[in-house]
Structures are given as C-alpha cells and as structure tokens.
Student: 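Quick one: structure below, then a few questions.
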Amino acid sequence: MINEQTSYRVRFAPSPTGHVHLGSARTALYDYLIAKKTGGQFILRIEDTDRKRLVEGAEEELINGLHWLGIDWDEGPLKGGPYGPYRQSERKEIYQKYARQLVEKGWAYYCFCSTVRLKQVREEMQKQKQPPHYDGSCRTISLEEAEKRIENGEPYVIRFKTPKEGKTVVNDLLRGEITFENKNLDDYIIVKSDGWALYHLAATVDDHLMKITHVIRGSEWLPTSPLHHLIWQAFEWNEPTWVHLSVFLKPSGKGKMSKREAVQLSNDGYSIFIKDLEDLGYLPEAVNNWIALMGWSYDDHTEYFTLDDLVEKFSLEKLNPSPAAINFSKLDHFNKMHIKKLSERELAERISPFFKKNNIDAPIDQLEKIAPALKERIITLDDSVEMCEFLFKEDISHEPDALLIRDISLERSKEISEKVIEVVRSIETWTLASIEEQITAYMEKEALEPRQLLSYLREAISGQRITPPLFDCMYVLGKEKTISRLEGSREILAAL
RNA sequence: GCCCCCAUCGUCUAGCGGCCCAGGACGUGGCCCUCUCAAGGCCAAAACAGGGGUUCGAUUCCCCUUGGGGGCACCA
C-alpha cells in the first residue's frame, strides 16, 4: 500500500468558493515542498463542480495568493500539462463515463428518491437514534427499469453501493490503519441530479488520471476516506498514499476559526486570509516559515527556514497529526527574523509601496539609507511608515511642551535651541560619523545628558517621540532640512 | 445520537523504553546594555490529563476514563 515511487506527484485541489486561508496555504505549501524535494510535480486543480457555490474572483485570488507565497505549480491553470484540463468544470463527461462504469460493474445505482423523501428518511433515522443515512430503497431497482425511468425523464442521482457488512480499512501515513465499520457508512451520492459529479467521484477519477501518488488534505476528509477507498477499489486502481493533515484551531486553542473570530483578528491587525497578509505588512517568507512549522518540525531547535531550506528539509514523516492553535505572535517573530535577513535595498523596495499607499513620497534611495536602522525595529513592513514618515513630509508639528528640555530652565532651553543650530551648521561633511562627533562634543561642552539634548533634537526634527536612532535620522533628513526644522522649533520655544 | 481523529510548558513543538527530576521557540517576568523605540546578552517561572496494565524500567507500548477536535448534504 505504501507508495514506493521516489518522485511524488501531488495535487492541491481547492474550490473557488471564498478566500484562501492559512489552512489551505499550508496544504499547498506542503504539496509544493514534497514535490520539489522529490523532483516530482505539483498539480493545481480547481474543484469547481458545484456551480452554485462559485465565488467570482476566487480563482484569481487563489492564484495571486500562491504567486505571492512563491508557491508555483508544474501543471494546472495558466500552465496546462499532459493530464488536463485542470478545472473540473471542464471534465464533466469524464466523470459521467466513469460513473456509468461503476453502475455497470454493480458498484453504483440510480436513485430516484426526491429530496423531500430523503429528508423524511433522515429524520426518521435520527428519531430512532440511527445514523441519518439513506435507506437504500432504490438499491433493488433493476438497471433495466432504471434506464426506462431515466428515458422517461425522471430525475435521478447516482449512489455508490457501499457494502453493508464488514470493515473498510484506510491507511493514513500519519495515523496508520483506520478501521471503519461498513454498517456506519452511507450510500453516498456520487453524481447529482444536474449531472455533475460530487467530490468523491471527481477527485478519485482525477487523482487516478493525473497519476497522483500522494494525497495531502485536511483531516476533515477522514470521515469520508473509507468511501474514497471503496471507490478506488471498485475501479481496481492503485490507491495513492493518504496524508491527512491536522486542522488549525483558533488562537485560544478552543475550537476552529469562526467568522466572528476572523473579524476580531482583523481588528487586531491580523488575518487568516492570505490576501490580507500582504497588506498587513507580512513577508511571504515569514508566512511560509510560520505555517510550515504548524504541524511539522525539523529537529529540536531549528526554526528559521527559507523556502529553499524547507524544500531541502521537509518530510512527510515529521508531520504531526494533532490540531494546532494559530499563534500570531509567532508570525510577528518570524516576520522580524525575515526582515532582518533582507538586504537594505530589498527592504527599501518592500516598504516603498506602504509609503505610496499613504501618499508619502519616499525615494527608494532614501529608504535604503534608513533601512539598517529600520531593520532592527519594525515588526511588519507598514510599521516603517509610522516610524519614519517625518523624514519625507514637508511639515511636522509639535506639542510645544514636548520641546522643553528636561530638568533645565526655559531660558536655558531657548539658549540651547539657538546654539545647537550653529553646531549643526558647522558640520561640513554631512556623514553619520561627523554628525555624531559634533553633536556629542557639543553635548559634553554644555554638560548635557543624552536624554536631555538628544530627546530635544528628536522632537525638534521629527515631532515624534519614537524614531530610529537620532543621528541616522539627521543624516537621512539632510543638513538643510535638519536646520530648518531646528529653526522652527527654536521659534516655538522662543514664543513660550 | 452515531462514527472517526488527537492528547508534553499559556501556544508551536523535540522526544519514537533507560540519554529526560523532559530540550528548543514564541509569549511572560527580572537584570544588563542604551539617545526614544527596538535589537542584543544573561537569568527565571512554566508541561508529560487521570487511572489501570506490559516491562527490571515508562512521556514513550496496550486498555479505560476524561478532555479537545472533525464528520454525519444532490458542499468541498
């Protein structure tokens, strides 16, 4: 049963019915990693057979999300491939053909029960404390009679004829053998009355036709896995290796993510949707690193991974089957780590869009100069705007009181605000080193503490209480602008 | 109600019978460094759900209980 093939063919098969969330992204990532690692192929397949649930733009969002994360597929939409089409909505006839095969082999049957009757049956079963299953009343209809009724235009579905006795054993890579009593299984519908195949049939047929060796999917599929196993057997096809991933729980660890929690999260500056993460200032590198480690580990201490590292180190055997609570402070941590690893130029390029979004004209070259200081202190990319927008704005404002130098008289403050301008003027070569040297010398001369003079200068040139290191700020601001801001502050003080 | 899965610090996890009076990371607290904010350094508190077995020896294997999660659609 275990697949001996060394290069894996895996598929990520989302349905375009909403936003892509962390759980799907992690499945896609694992698919990508194991395909790359084994020199196999990663197939993207769109499962859009339920026409009613389609959401406009969802497929585009999905593709953008994967691109942003750097997860590229070998076969699928946009790329094509030898086993296409890769959109299930374009494969309707294929599923019908195989469904018919199942009927002919006696593994499936036509069912003419109305939804009204089905509902009644279910309710009756529940009243009797039985699993709410189909009662199998159409099982006994002969193929001949069924075909006649179909010809007469009677609506029908196709059901899988699940054995009533015995057991079905599914082999999961992480959990081993899982045994299900057939009597607890249902005669699941595999083709709807509109002629579209349901997941169970469509995915099985596609996985076979696309030569998938390993199916990596969420553990919400575990309860229907015996059905899938049975369908594979009915076709006498070689089953892929099943890997059911754990689910993600909400940050508290109690229950899975609900809509309410998702809203609460976005109020806190977080999101479980991939499309939001970019705008929130997260790096795809960090997101990958973070989700990779939710349910997988490499050893007892390594935590920092690039995508390439992951490709090299990833293995299905180290997957953890237990559910994992989402921990956003860990995302922040990884974001900091990956920001630090960025070159100054790269960081400048990545934060630039956030300045644009805030209508601040921040030249890349300037951003690059402040990048070293920024690297050490921003958590998300957008933090950089708040921290150094004053460098690029024309006007800044002050609370007059904030300009007062601590522990000295107002007169002395005024005097220093005057003199320090001369010191700055006298700096001939505007470099980080000379700025620091001259200011420090002046500070000593006046017997001022750093917390006095430098705090004043910080407020004077920025209007902010928190900035990157002062000398870096002055350096990037430029001599002229520094002087004019010091003059502005001097005026405010003089008026007090 | 029925079926299935899971179970180590608050959280993510290492551990696949003795290396473990349980290791790492995030977060938390303290100290040092310091021009703000960070970063960095050092230190601390913090876990094997409970009960039975198996074994010379269980966090590791088995069973039960409890707890948590998932599923029971003409959705995936």
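We name chains A, B, ... by the order of the sequence lines, and we start the count at 1 in each one. Just so it is clear, the model here is predicted, and its values are computed rather than measured.
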Student: Would you indicate what A:Thr179 reaches in the nucleic acid, counting non-hydrogen atoms under 4.0 angstrom: base, sugar-phosphate, or nothing?
Tutor: sugar-phosphate

Student: Quote, to the nearest angstrom, the C1' distance that separates B:C3 from B:G17.
Tutor: 33 Å

Student: Base, sugar-phosphate alone, or nothing: which one does A:Tyr188 contact when heavy atoms must sit under 4.0 Å apart?
Tutor: nothing

Student: I need the CE-P distance between A:Met443 and B:C35, as an integer number of Å.
Tutor: 7 Å

Student: Would you mind pulling out the nucleotide paired to B:A58, Watson-Crick or G-U wobble, both distances under 3.5 Å?
Tutor: none

Student: Which part of the nucleic acid, if any, lies within reach of A:Lys183 when heavy atoms closer than 4.0 Å are counted: base, sugar-phosphate only, or nothing?
Tutor: nothing

Student: Answer yes or no: does a side-chain N or O of A:Lys340 lie under 4.0 Å from OP1 or OP2 of B:G40?
Tutor: yes

Student: Taking 4.0 Å as the cut-off, does a side-chain nitrogen or oxygen of A:Asn320 come that near to OP1 or OP2 on B:A14?
Tutor: yes

Student: Taking ring-ring contact (aromatic ring centres under 6.0 Å, His included) as the criterion, tell me which of A:Tyr134, A:Tyr98, A:Trp107 meets it with A:Phe160.
Tutor: A:Trp107

Student: To the nearest Å, how far apart are A:Glu444 CD and B:C35 C1'?
Tutor: 14 Å

Student: Touch check for A:Leu470, heavy atoms < 4.0 angstrom, all strands: base, sugar-phosphate only, or nothing?
Tutor: base

Student: Is the shortest side-chain N to carboxylate O distance from A:Arg117 to A:Asp135 below 4.0 Å?
Tutor: yes

Student: Determine the interatomic distance between C1' on B:A14 and the same-named atom on B:A76; round to the nearest Å.
Tutor: 35 Å

Student: Rounded to the nearest Å, what distance is computed from the CZ atom of residue A:Arg458 to the C1' atom of nucleotide B:C35?
Tutor: 5 Å

Student: For B:U36, give its Watson-Crick or G-U wobble partner with both distances under 3.5 Å, or none.
Tutor: none

Student: B:A14, B:A25, B:C35: which one has an atom nearest the side-chain heavy atoms of A:Lys318?
Tutor: B:A14

Student: Can a cation-pi geometry be assigned to A:Lys369 and A:Tyr475, taking NZ or CZ under 6.0 Å from the six-membered ring centre and within 45° of the ring axis?
Tutor: yes

Student: Considering only atom P, compute the distance from B:U59 to B:C48 and round it to an integer number of Å.
Tutor: 11 Å

Student: Base, sugar-phosphate, or nothing for A:Gly218, non-hydrogen atoms under 4.0 angstrom?
Tutor: nothing

Student: Taking CG from A:Asp300 and C1' from B:C9, how many angstroms apart are they, rounded to a whole number?
Tutor: 16 Å

Student: Provide the distance between the two C1' atoms, one in B:A47 and one in B:C20, to the nearest whole Å.
Tutor: 13 Å

Student: Under 3.5 Å for both donor-acceptor distances, Watson-Crick or wobble: does B:C72 have a partner, and if so which one?
Tutor: B:G1

Student: Does the pair A:Arg11 and A:Asp31 meet the rule for a salt bridge (charged side-chain N to carboxylate O under 4.0 Å, His left out), with working shown?
Tutor: CA-CA 7 Å; A:Arg11 47 63 164 193; A:Asp31 278 320; over 6 Å; no

Student: Would you mind building the protein contact string for nucleotides 68-76 of chain B? One character per nucleotide, 5' to 3', B for base within reach (heavy atoms under 4.0 Å), S for sugar-phosphate only, - for untouched.
Tutor: -SBSBSBBB

Student: Using 4.0 Å as the upper bound for N to carboxylate O, is an ion pair formed by A:Arg45 and A:Asp207?
Tutor: yes

Student: For A:Pro468, which contact category applies under a 4.0 Å heavy-atom criterion: base, sugar-phosphate, or nothing?
Tutor: base

Student: Regarding B:C35, can its base be found pairing with the side chain of A:Arg451 as donor and acceptor, where the two atoms are less than 3.5 Å apart?
Tutor: no

Student: Considering only the C1' atoms, how many Å lie between B:A45 and B:G27, rounded to the nearest integer?
Tutor: 13 Å

Student: Is there, by distance only and without an angle test, a donor paired with an acceptor across the side chain of A:Lys336 and the base of B:A39 below 3.5 Å?
Tutor: no

Student: Checking ring-ring contact (aromatic ring centres under 6.0 Å, His included) against A:Phe328, which of A:Phe248, A:Phe334, A:Tyr282, A:Trp290 comes through?
Tutor: A:Trp290

Student: Under 3.5 Å, is there any donor-acceptor pair linking the side chain of A:Arg175 to the base of B:C5?
Tutor: no

Student: Using heavy atoms to find the nearest nucleotide of RNA chain B for A:His301 and A:Leu174 separately, return the residue whose nucleotide is more 5′.
Tutor: A:Leu174

Student: For the side chain of A:Ile178, starting at C-beta, report the closest nucleotide among B:C4, B:C12, B:A14.
Tutor: B:C4

Student: For nucleotides B:A7 and B:U60, find the distance between their P atoms and express it as a whole number of Å.
Tutor: 11 Å

Student: For nucleotides B:A49 and B:A38, find the distance between their C1' atoms and express it as a whole number of Å.
Tutor: 40 Å

Student: Quick one: are A:Arg465 and A:Arg458 in side-chain contact, heavy atoms under 4.5 Å?
Tutor: no

Student: Over 60° means perpendicular and under 30° means parallel, so classify the ring planes of A:Tyr298 and A:Trp296, tilted if in between.
Tutor: tilted

Student: Whole angstroms only, please: what is the CE-P distance between A:Met474 and B:C35?
Tutor: 16 Å

Student: Less than 4.0 angstrom between a side-chain N/O of A:Thr467 and OP1 or OP2 of B:U36, yes or no?
Tutor: no

Student: Within this structure, what is the CG-to-C1' distance between A:Asp407 and B:C35, rounded to whole angstrom?
Tutor: 15 Å

Student: With rounding to whole Å, what would you report as the distance between B:A46 and B:G10 at their C1' atoms?
Tutor: 9 Å

Student: How many Å lie between CD1 on A:Ile326 and P on B:A25, as a whole number?
Tutor: 23 Å

Student: Between A:Leu470 and A:Ile461, is any pair of side-chain heavy atoms under 4.5 Å apart?
Tutor: yes

Student: Just checking A:Asn327: base, sugar-phosphate only, or nothing, at a heavy-atom cut-off of under 4.0 Å?
Tutor: base

Student: Taking a pair as Watson-Crick or G-U wobble with both distances under 3.5 Å, which nucleotide is matched to B:A14?
Tutor: none

Student: What is the distance, to the nearest angstrom, from the CD1 atom on A:Ile461 to the C1' atom on B:C35?
Tutor: 11 Å

Student: Looking at A:Trp196, does the NZ or CZ of A:Lys92 lie under 6.0 angstrom from its six-membered ring centre and within 45 degrees of the ring axis?
Tutor: yes

Student: Counting only Watson-Crick or G-U wobble pairs whose two distances fall under 3.5 Å, which nucleotide matches B:A7?
Tutor: B:U66

